[in-house]
Amino acid sequence: MSHKLLLATRNKGKIEEFRRILEVEAPGEIELVGLSQYPDLHDVVEDGKTFHENALKKAREMCEGSGIPAIADDSGLCVDFLDGAPGIFSARWAGSHGDDIANTAKVLEQMKDVPDEKRGAHFTCVAALYLPDGRSHVEEAEFQGSLLRAPVGEHGFGYDPIFCPQGYSISSAEMSAHEKDAISHRGKSLRAIAPHVITLLKSLG
Ligand code: ITT
């Protein structure tokens, strides 16, 4: 029997990754329901100070609004030279929410005079599950790498075209979906949370 789970994100890139990663981890066990099924749910105000706070807030508010268990993530790019920025502000770094091209251009501009050895960065993903009875589970993971000097690659989303994973000489936007999922922050956090999702959903009956 598969259990309904609300996929509490409006980011199309994330939706694709959640669906394919959870399908591998829990084949046939979870029926992911999109936010389009709950048109009255309002956007969550992401006013937490950490990825953890925001991820849990998204999952909790979407669960409470829909009445079914919800999974969400809060994620972003953390650049060493920028003291961890854009971090939790990654989706709106250049001003308008979800403008990947402008966000990427802003980071490249901020990093234009920074030498190769100081271009370290990582993605963080905090995945959060929230159940109608108030139980929750959170998993966090990182994806280490460095910043390129110009966007390259057509896959992925967000900052992928300027992110070179550690040990590679291509951007994460040049990787296949399978390659990225195997080493990414979202791949790792969703693989960690998947067994807890299955156990907790089953406990609801
Ligand atoms: P939801 O809150 O609806 O999930 P969002 O895009 O607002 O969507 P976040 O606040 O978590 O989500 O922002 C995440 C941003 O971090 C996202 O817009 C990208 O710019 C970046 N990001 C996260 N994961 C990424 C990945 O795997 N590849 C590239 N960029 C990523």
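Ligands are counted one by one from 1 in listed order, and the atoms in each one are counted from 1 as well. Because the structure is a prediction, the values reported are computed rather than measured. Just so you know, residue 1 is the first one in the sequence shown, and it goes up from there.
In this structure, E154 places its CD atom where only 12 or fewer heavy-atom neighbours from other residues, nucleotides or ligands lie under 6.0 Å away.
Numbered from 1 in the order shown, with element, the atoms of ligand 1 that lie under 4.0 Å from a heavy atom of K180 read 26 (C), 27 (O), 28 (N). Interface atoms of ligand 1 facing S90, defined by a heavy-atom separation under 4.0 Å, are 15 (C), 16 (O). Taking a cut-off of under 4.0 Å to the non-hydrogen atoms of D74, the atoms of ligand 1 that pass are 9 (P), 10 (O), 11 (O). The ligand atoms of ligand 1 that sit less than 4.0 angstrom from a heavy atom of R10 are 3 (O).
Contact annotation: for F123 versus ligand 1, heavy atoms closer than 4.0 Å belong to the side chain alone.
Classification of E46 and K58 as a salt-bridged pair holds, one side-chain N sitting under 4.0 Å from a carboxylate O. Under a 4.0 Å N-O distance rule, the pair K57/D47 qualifies as a salt bridge. D181 has no carboxylate O lying under 4.0 Å from a charged side-chain N of R191, or vice versa, which leaves the two without a salt bridge. The residues R20 and E23 are annotated as not salt-bridged, no charged nitrogen and carboxylate oxygen being separated by less than 4.0 angstrom.
Between F123 and Y159, the two ring planes are tilted [angle within 30° to 60°].
Nearest to atom 18 (O) of ligand 1 by heavy-atom distance, out of A91, S184, A72, is A91. Summarising the contacts of atom 28 (N) of ligand 1 with I162, N11, D160, D100, the nearest heavy atom is found in D160.
Between N103 and ligand 1, no N or O atom pair is found at a separation short of 3.5 Å.
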